[in-house]
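One structure below.
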Amino acid sequence: MLLDQELMYHIHCKKGDIGRYVILPGDPGRVEKIAAYLDQAKHVATHREYTTWTGSLAGEPVSVCSTGIGGPSAAIAMEELIRCGADTFIRVGTCGGLDPSMVPGELILPSGAIRKEGTGREYVPIEFPAVANYQLLSALDAAATRLGLTHHIGVVECKDSFYGQHDPGSMPVGDELKFKWNAWKMAGAIGSEMESATLFLVASVRRVRVATVLLLCNNQERALQTGKVETDFNTEPAIQTAVEALRTVILQDRNPQ
C-alpha cells in the first residue's frame, strides 16, 4: 500500500526529514522565504506542488511545506506530514475580505471556517465544525499584537472555486453563489480563502494542532463601498506572525505550566 511506503507518495519525505512543527504556505514560491527565518534550513524535497525545507527554531526541528491551492492538496500534505512525525501546523496564506471595514494589508486569524469545500465531507459529516486549535490561535493573536500588526479574529469562508467567488455571474449556479456570499456577510464572516476548513477538519480527525494566519490581500466588499481597488501582497507580516507564534508554542510545549 502507498501509505506503508517509507517515502511519502506525494511530498517525497520520510520520517526524520520533518520536524514536529510545520509552517504551511500554499505557494511553493514562499517556502524558501519562510525557511529563511529558521536556523540552518535546508531543502528536503520538491514534488508536484509540494516543496519542503527543514531547519530549526528555538532549538527544535521545524519544517516548511507548501500545500498547493485548495482542500484536496492541503489534506494530502497534512496527512503525509503527520505520517512523517509532525503534529503542530500553522498555515500562512492570503485571503479576500467580506467585511468592508477591513483594509488590505491587515491580518485575519480564523477562529473557524465555513465548510464550503468538498474534501472535509470525506472526513466528517457537514454538521461537524471546522475550528482552529485554541492554543495556536492564541499564540498567533499574541504574536501579532507584539509585532504591532492590525489583525482580526473571526470566521472565514473556505470555497473550492476561486472563480465561483470572483465571477459568479458566469456560473450556472451563480444565483446560489451570490445568495450564500450575502448570507456569510450577514452572519459576520470576515474573509474568504480555500484551505483552512480542510486543514482544521483533518487536524481534528488526526488529533493534531493547526491554526491559520492570513494576509488580507484584497477586499471586494470594501472596493464596492469606496470605489477604489486596494491590494497588498506583502506576506512578510503574516510570516513573521507565524514564526513568532510557533516560537511561543515550542517554549510552551517544552515548559508546560
Side-chain angles (χ1 to χ4, degrees), residues 8-13 22-35 43-53 63-82 86 89-98 104 107-110 112-123 130 132 155-168 170-171 173 177 180-181 184 189-203 206 210-220 231-239 241-242:
M8 291 296 109
Y9 185 68
H10 298 90
I11 65 173
H12 277 204
C13 297
V22 183
I23 297 175
L24 299 173
D27 183 0
R30 293 194 190 118
V31 173
E32 189 171 355
K33 182 178 179 181
I34 297 171
H43 176 256
V44 176
T46 294
H47 187 237
R48 300 188 181 186
E49 60 263 59
Y50 307 109
T51 293
T52 307
W53 283 58
S63 298
V64 186
C65 179
S66 56
T67 64
I69 298 174
S73 61
I76 286 171
M78 179 175 273
E79 289 276 17
E80 296 191 358
L81 289 162
I82 292 168
F89 303 86
I90 294 181
R91 162 165 155 71
V92 177
T94 59
C95 69
L98 278 106
L107 301 181
I108 287 178
L109 311 178
I114 297 163
R115 295 180 53 190
K116 194 167 165 284
E117 45 79 54
T119 307
R121 294 168 186 257
E122 300 203 22
Y123 282 83
V155 172
V156 297
E157 175 211 40
C158 284
K159 74 273 187 180
D160 278 342
S161 171
F162 179 87
Y163 290 101
Q165 174 190 337
H166 291 280
D167 190 17
S170 70
M171 305 293 183
V173 294
L177 296 174
K180 287 188 174 179
W181 181 265
W184 312 147
I190 61 175
S192 177
E193 53 111 79
M194 300 182 72
E195 288 83 28
S196 289
T198 299
L199 293 173
F200 292 172
L201 292 167
V202 175
R206 300 303 181 208
V210 67
T212 295
V213 52
L214 302 167
L215 167 71
L216 179 62
C217 60
N218 61 68
N219 190 338
Q220 66 192 66
T231 59
D232 190 323
F233 295 99
N234 177 20
T235 56
E236 208 70 37
I239 293 169
T241 299

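The structure displayed is predicted, hence computed values, not measured ones.
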(request) Report the C-alpha separation of Phe200 and Thr212 in whole Å, then their side-chain angles, then the decisive distance to 0.1 Å, and conclude whether the side-chain contact (heavy atoms from CB on, under 4.5 Å) test is met. (result) CA-CA 9 Å; Phe200 292 172; Thr212 295; 3.7 Å; yes
Answer whether the closest heavy-atom distance between the side chains of [X] and [Y] falls below 4.5 Å.
{"X": "Met78", "Y": "Arg206", "answer": "no"}
{"X": "Leu177", "Y": "Met171", "answer": "yes"}
{"X": "Leu199", "Y": "Phe89", "answer": "no"}
{"X": "Cys217", "Y": "Asp232", "answer": "no"}
{"X": "Trp184", "Y": "Lys159", "answer": "no"}
{"X": "Thr231", "Y": "Pro104", "answer": "no"}
{"X": "Ser63", "Y": "Val44", "answer": "no"}
{"X": "Thr46", "Y": "Pro28", "answer": "no"}

With rounding to the nearest 0.5 Å, note down the distance linking [atom1] in [X] to [atom2] in [Y].
{"X": "Leu24", "Y": "Ile34", "atom1": "CG", "atom2": "CD1", "result": "9.0 Å"}
{"X": "Thr241", "Y": "Leu214", "atom1": "OG1", "atom2": "CG", "result": "11.0 Å"}
{"X": "Ile90", "Y": "Leu109", "atom1": "CD1", "atom2": "CG", "result": "10.0 Å"}
{"X": "Asp27", "Y": "Thr51", "atom1": "CG", "atom2": "OG1", "result": "9.0 Å"}
{"X": "Thr52", "Y": "His43", "atom1": "OG1", "atom2": "NE2", "result": "7.0 Å"}
{"X": "Leu201", "Y": "Arg121", "atom1": "CG", "atom2": "CZ", "result": "10.5 Å"}

(message) Run the side-chain contact (heavy atoms from CB on, under 4.5 Å) test on Val155 and Ile114 for me, step by step, so that the C-alpha distance in whole Å, both residues' side-chain angles and the decisive distance to 0.1 Å come before the verdict.
(response) CA-CA 7 Å; Val155 172; Ile114 297 163; 3.7 Å; yes
Which atom pair, heavy atoms only, marks the closest approach of [X] to [Y]?
{"X": "Arg91", "Y": "Gly26", "value": "NH1-N, 4.2 Å"}
{"X": "Tyr123", "Y": "Ala75", "value": "OH-CB, 4.0 Å"}
{"X": "Val92", "Y": "Ala242", "value": "CG2-CB, 3.4 Å"}
{"X": "Pro110", "Y": "Ser196", "value": "CG-OG, 4.5 Å"}
{"X": "Leu215", "Y": "Ala238", "value": "N-CB, 4.4 Å"}
{"X": "Leu98", "Y": "Asn219", "value": "N-OD1, 4.2 Å"}

(request) For Tyr163, look at atom OH and say whether over 12 heavy atoms of other residues, nucleotides or ligands are found less than 6.0 Å away. (result)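 Check fails, neighbour count at 12 or below.
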(request) Check whether more than 12 heavy atoms from other residues, nucleotides or ligands sit under 6.0 Å from atom CD1 of Ile69, and answer yes or no. (result)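 No, CD1 of Ile69 has 12 or fewer neighbouring heavy atoms, counting only those of other groups under 6.0 Å.
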Any donor-acceptor pair under 3.5 Å linking the side chain of [X] with the backbone of [Y]?
{"X": "Thr67", "Y": "Ser73", "value": "no"}
{"X": "Glu80", "Y": "Ile11", "value": "yes"}
{"X": "Glu193", "Y": "Glu195", "value": "yes"}

(request) For Cys65 and Leu81, run side-chain contact (heavy atoms from CB on, under 4.5 Å): C-alpha distance rounded to whole Å, both residues' side-chain angles, the deciding distance at 0.1 Å, then the answer. (result) CA-CA 9 Å; Cys65 179; Leu81 289 162; 4.0 Å; yes
(message) Using 30° and 60° as the class boundaries, would you call the ring planes of Tyr50 and His10 parallel, tilted or perpendicular?
(response)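 Taking His10 first and then Tyr50, their aromatic rings stand perpendicular (interplane angle over 60°).
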(message) Could you walk me through whether Glu117 and Met194 satisfy the side-chain contact (heavy atoms from CB on, under 4.5 Å) test, starting with their C-alpha distance in whole Å, then the side-chain angles of each, then the deciding distance to 0.1 Å, before giving a yes or no?
(response) CA-CA 8 Å; Glu117 45 79 54; Met194 300 182 72; over 6 Å; no
